[in-house]
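Data block below; observations after.
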Amino acid sequence: MEKELIQLVDISKSFDSQMVLDELNLNIHENEFVTLLGPSGCGKTTTLRILGGFANPDTGKVIFDGTDITRIPPNKRQLNTVFQKYALFTHMTIAENIAFGLKIKKKSKTYIDDKIRYALKLVNLEGYENRMPNSLSGGQQQRIAIARAIVNEPKVLLLDEPLGALDLKLRQEMQYELIRMKNELGITFVYVTHDQEEALTMSDTIVVMNQGYIQQIGSPESIYNEPENAFVADFIGDSNIIPATMIEDKLVNILGTRFACVDTGFGCNKPVDVVIRPEDVNLVEPQQGKLQGVVTHLIFKGVHYEMEVMAAGFEWLVHSTTLFPVGKEVGICVDPFNIQIMNKPESEDEEAVAIDI
Amino acid sequence: MKNIAKHIYTALIFLFLYAPIATLMVLSFNASKTRAKWGGFTFNWYSRLFQNEEILEALANTLLIAVISAFVATVIGTIACVAMTGMKKRSRTILMGITNIPMLNAEIVTGISLMLLFISMGLRFGLGTILLSHITFNIPYVILSVMPRMKQLNPSTYEAALDLGASHVTAFFKVVFPDLLPGILSGFLMAFTMSLDDFIITHFTKGAGVDTLSTKIYTEVKKGIKPEMYALSTLIFVTVLILLLLVNMAPTKNKTPNYGG
Ligand SMILES: Nc1ncnc2c1ncn2[C@@H]1O[C@H](COP(=O)(O)OP(=O)(O)OP(=O)(O)O)[C@@H](O)[C@H]1O
Ligand SMILES: [Mg+2]
């Protein structure tokens, strides 16, 4: 890991007695692509605004490169923001928009012109200097907003749902563009989204948030494969979250049947939740399975079939490329390394999510 | 058939609305002194008008008050809009309601209240008091035309300017102000027109011997109607008409890119 660039230390923030962030701690490394992921209203934008200097935390500190910048105004910070609704200056040309920050820093005309050309090339919009923002499409405006931010050579770029307003295809295109730009620029990205696929595709590190708390921090793989609690498991993709009992290390009782697993350290006869991804549930002939059940629903999803199987009183969600028709008796197998054990949720909200499933 | 009826209808409305003013205009070019008959075309009354010292002085007062009061009201009104945007929705709605009341209030009530206020404050009546009262009744018009612009603003653009290193002042003047400008201009013209047009409030807040055009016409007419007054009224009408047309056109013509390095 590269060195730590930003530290959020015990950040709390409330609006009108509504707690939005509660003692949030987060470290961001140099050159890292960090994504804040969570449902609407969980405090992602607020976190980003505290980083950018547009909101003051009630308590806690923002450390940037070793110095406390909590009370430093936005115009004095070495970060730039790409706002959700583009926020281009509509009465200025594209070139003027991009030059805005540089003119304030009193850079020379040749320097500014070079930068404009460089930035437009980076975002694939060469020759757009004299267009007005309103004459550009949404995706193009978004690229200009990025160009306008990066010409200032920030150490960190903050992006608040920058692709939120774009259609699916353009969004996927822009995801690759953004990754390319980040690699070319070699700067830190702090990215906000509520789209889990986007987060999994783009990030080095994902910070899953819910109701002002960080639920889990980790690489996309670890977040997906080893969710720490039911909320994360449910939020990141479809999953089967089943109440179970940990009998001993590497052995778990799921719905009355013993399954081998790989997790240790949960204690003996301890209630836990297990997560099994739908693609990890193997359907076999009834007598070969550890559990027996009946297919109750079947949907064709293109790449795979999505099935629901009623077994041991639980509705299992299964993704498989092999078709098992509705009403067919099947057996269920799960490989030990595909069983993810989680501690029982502690707060009521997490409980609510778990019951919902 | 239906179309013709529609045209006739429109024509009739305009006829009733503008017949009195048309009469006035025609009479202002009438060489005969009596209203009853047409004595030929003349600019005589207009030239007489511009030789009349008192009227010229009233004209100067009117313009002075209109320009200053419109300017001051525009500044105050714009600042008020900026401040109100920062407020919570409830306080803003209440404040907008309060600003609108003077516009709906009968002018005579506003006039008399201002007069009583000035008396109780011990102010000397004159140009100063007229100016104060004009600023007062002009502010709502400015707010009314700036506020919609303010609401259309994307609040992130101001933050984006700060983000790019601009100070609050620079961010306001470079980013917010240009977007508000059409509203501010039409607010100014509106205020200017209202000030030019006002009689009742001016009547109650002017001192003896100080006159604006409207109060001057009133005094003159009381003495007996002179054709110069037709000419003067025609001029005021035309000016106000042009200003109102400008106000209505202002928001549409504001897109001129200027690229500077
Ligand atoms: N200026 C504000 N005044 C009052 N409440 C606010 C303010 N800004 C945010 N909030 C509240 O704080 C909570 C978190 O808001 P935030 O904008 O950080 O959510 P978010 O995670 O970005 O959600 P979304 O995905 O919908 O953008 C919300 O409940 C919101 O209503
Ligand atoms: Mg948000």
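We name chains A, B, ... by the order of the sequence lines, and we start the count at 1 in each one.
- The structure places CD1 of Ile94(B) at 10.0 Å from CE of Met87(B), a figure rounded to the nearest 0.5 Å.
- Atom CD1 of Ile200(B) is separated from atom OG1 of Thr110(B) by 9.5 Å, given to the nearest 0.5 angstrom.
- Ile28(A) places none of its side-chain heavy atoms less than 4.5 Å from the side chain of Phe189(A).
- With hydrogens and angles ignored, the 3.5 Å screen pairs a side-chain donor or acceptor of Ser145(B) with a backbone N or O of Gly183(B).
- Contacts between residues 154-166 of chain B and chain A, counted as heavy-atom pairs separated by less than 4.5 Å, involve Asn154(B), Ser156(B), Thr157(B), Glu159(B), Ala160(B), Ala161(B), Leu162(B), Asp163(B), Leu164(B), Gly165(B), Ala166(B).
- Panel note: side chain Lys44(A), backbone Gly38(A); a donor-acceptor pair is recorded below 3.5 Å.
- Ionic pairing of Asp195(A) and Arg171(A) is present here: one or more N-O contacts between side-chain nitrogen and carboxylate oxygen are shorter than 4.0 angstrom.
- Contacts between residues 52-82 of chain A and chain B, counted as heavy-atom pairs separated by less than 4.5 Å, involve Phe54(A), Pro74(A), Asn75(A), Leu79(A), Asn80(A), Thr81(A).
- Looking at Glu4(A), its side chain never comes within 3.5 Å of a backbone N or O of Asn27(A) through a donor-acceptor pair.
- The CG atom of Leu196(B) sits 9.0 Å away from the OG1 atom of Thr212(B) when rounded to the nearest 0.5 Å.
- Only the side chain of Arg49(A) comes within less than 4.5 Å of a heavy atom of chain B; its backbone N, CA, C and O stay farther away.
- Side-chain atoms of Asn152(A) and Lys105(A) form a donor-acceptor pair, as typed in the model, at a separation below 3.5 Å.
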